[in-house]
Student: 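Quick one: structure below, then a few questions.
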Number of protein chains: 2
Amino acid sequence: MIFSVLVEVSLRPGIADPEGATIERALPALGFTGISSVRAGKAFRFDVDSGSEAEAVSTAQQLAERLLSNPVIEQCVVRVESSR
Amino acid sequence: MIFSVLVEVSLRPGIADPEGATIERALPALGFTGISSVRAGKAFRFDVDSGSEAEAVSTAQQLAERLLSNPVIEQCVVRVESSR
């Protein structure tokens, strides 16, 4: 089966996020109020050909930790979005 | 109420994604097989102080389209992850 996976890579809590902070500072001048805690990260989507959903998540988790993120400062969330 | 929002910004289908293509080409040599259709994008998380979930989604959608993405080549998906 083919599982569509979404990997969200974000900075760990406590790690400074200048991109998020810059967006947040710009918002009031652009007419957006009530927005806080802006954090910027990366999103990857890919298809995993695997026998089971658990195996697909495991493959995606390894891939995310080894290739898509820097585990020292970043964390990954893997989500299976659909299968076919 | 405070709504935690996740905005995923990804390239529209058909727009070339060199970052995703490079990751995909590197995978077999690194021991990952059965992975295809790799697409790279951005993920933003923020809190929206709003009266209702519908209003929070609308604010986040406007913010995503006006500030976080280039609507010519990118599309946004807004998701409310939690509220408090």
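Below, read A as the first sequence line, B as the second, and so on, with proteins coming before strands; counting in each chain starts at 1.
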Student: Quick check: is A:Val9 connected to A:Val80 through a chain of hydrophobic side chains (ILVMFWY, heavy atoms under 4.5 Å apart)?
Tutor: yes
Student: Between A:Leu30 and B:Leu63, is there a side-chain heavy-atom distance shorter than 4.5 Å?
Tutor: no
Student: Strictly below 4.0 Å, N to O, side chains only: are B:Arg79 and A:Glu8 in salt-bridge contact?
Tutor: no
Student: Examine B:Phe3 and B:Leu68 and state if one hydrophobic cluster contains both, with Ile, Leu, Val, Met, Phe, Trp and Tyr joined whenever side-chain heavy atoms are less than 4.5 Å apart.
Tutor: yes
Student: Which of residues 39-48 of chain A have a heavy atom under 4.5 Å from any heavy atom of chain B?
Tutor: A:Arg39, A:Ala40, A:Gly41, A:Lys42, A:Ala43, A:Phe44, A:Arg45, A:Phe46, A:Asp47, A:Val48
Student: At a 4.5 Å cut-off on heavy atoms, which part of B:Glu19 comes close to chain A: side chain, backbone, both, or neither?
Tutor: side chain
Student: Among A:Leu27, A:Ile35, A:Asp49, single out the residue with the greatest number of heavy-atom pairs under 4.5 Å to chain B.
Tutor: A:Ile35
Student: I'd like to know if A:Val57 and B:Val38 are part of one continuous hydrophobic network [Ile/Leu/Val/Met/Phe/Trp/Tyr, side-chain heavy atoms within less than 4.5 Å].
Tutor: yes
Student: Mind ranking A:Leu67, A:Val7, A:Ile2 by heavy-atom pairs under 4.5 Å with chain B and telling me who comes out on top?
Tutor: A:Leu67
Student: A:Ile23 and B:Leu6: same hydrophobic cluster, using ILVMFWY side-chain contacts below 4.5 Å?
Tutor: no
